[in-house]
Amino acid sequence: MKIMILNGPNLNRLGKREPAIYGYETLEDVHNNLLRVAERYLAELDFRQSNHEGELVDWLHEAADKSYDGVVINPAAYTHTSVALHDAVAGIDVPVIEVHISNVHKREAFRHHSYLAPACLGQIVGLGTYGYELALQTLLQKGESSC
Ligand code: CA2
């Protein structure tokens, strides 16, 4: 099984600022935790981060074109602005789970709406970086049961 993990703008700064909201783990820590989960399922992980909306769109298309079994995406601020990412998720036949480290519903009103969520299999918010692991496990279990 092959899963793509996508991270949106500014998440390359994770663990380096705003620990009260996002914790102390860096994106590299998140990647390493996910590699341990993937190993248990003998699955392949493709972990990426971009500050550019179009690059995230291209990667979602790539996930479909190269027959990935699922995508975990933290679209970061593009969650609340991007019709392009909504359309990319809606236009591929790959299950996508949206993850947010913080509980966006406890924060500013502009973070309460997600353009992507209606096109996703599900959404995990507010469970810290553990949300990525839950999303990955869900996709891996789903993949196993459809073999
Ligand atoms: O809670 C999340 O995971 C978010 O997707 C994070 C985004 C934010 O715009 C969303 O509303 C919720 C922000 C990502 C930037 O992360 C930083 C972490 C540390 C230092 C600077 C930025």
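Atoms within a ligand are numbered from 1 in the order they appear, just like the ligands themselves. When a residue number appears, it is its place in the shown sequence, counting from 1. When reading the values below, keep in mind they use all heavy atoms of this one structure, side chains included, and skip hydrogens, waters and symmetry mates.
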Side chains of H100 and N74, heavy atoms from C-beta outward: is any pair under 4.5 Å? yes

Between V104 and ligand 1, find which residue part has any heavy-atom pair under 4.0 Å and reply side chain, backbone, both or neither. side chain

Nearest neighbour in protein (non-hydrogen) for atom 8 (C) of ligand 1: R111 NH1, 3.3 Å

Is the shortest side-chain N to carboxylate O distance from R111 to E108 below 4.0 Å? yes

Considering only protein heavy atoms, which is closest to atom 2 (C) of ligand 1, and at what distance to one decimal place? I101 N, 3.3 Å

Nearest-neighbour protein heavy atom for atom 4 (C) of ligand 1, which is reported as residue plus atom name and distance: H100 ND1, 3.6 Å

Tell me whether T79 reaches ligand 1 (any heavy atom closer than 4.0 angstrom to a ligand atom). no

State yes or no: are the ring centers of Y115 and H113 separated by less than 6.0 Å? yes

Nearest protein heavy atom to atom 13 (C) of ligand 1, by residue and atom, and its distance? Y22 OH, 3.3 Å

With nothing but distance in play, are any N or O atoms of S102 less than 3.5 Å from an N or O of ligand 1? yes

Counting only heavy atoms, which portion of N74 has something under 4.0 Å from ligand 1: side chain, backbone, both, or neither? side chain

Heavy-atom count around R107 CZ within 6.0 Å, excluding the residue itself: above 12? yes

Does the side chain of K66 reach to within under 4.5 Å of the side chain of K2, using non-hydrogen atoms? yes

Looking only at protein heavy atoms, what sits closest to atom 15 (C) of ligand 1 is N10 CB, 3.6 Å

Please list, in number order, the atoms of ligand 1 under 4.0 Å from a heavy atom of H80. 10 (C), 11 (O)

Taking S145 for its side chain and K142 for its backbone only, find out whether a donor-acceptor pair lies under 3.5 Å. yes

Less than 4.5 Å apart, side chain to side chain, heavy atoms only: is that true for N33 and V30? no

With distance as the sole test, does D29 use its side chain to make a donor-acceptor pair with the main-chain N or O of T26 at under 3.5 Å? yes

Against heavy atoms of A77, which atoms of ligand 1 measure under 4.0 Å? 9 (O)

Ranked by distance from atom 19 (C) of ligand 1, the top protein heavy atom is R17 O, 3.2 Å

min-distance protein heavy atom vs atom 21 (C) of ligand 1 -> R13 CB, 3.7 Å

Answer whether the closest heavy-atom distance between the side chains of L11 and I101 falls below 4.5 Å. yes

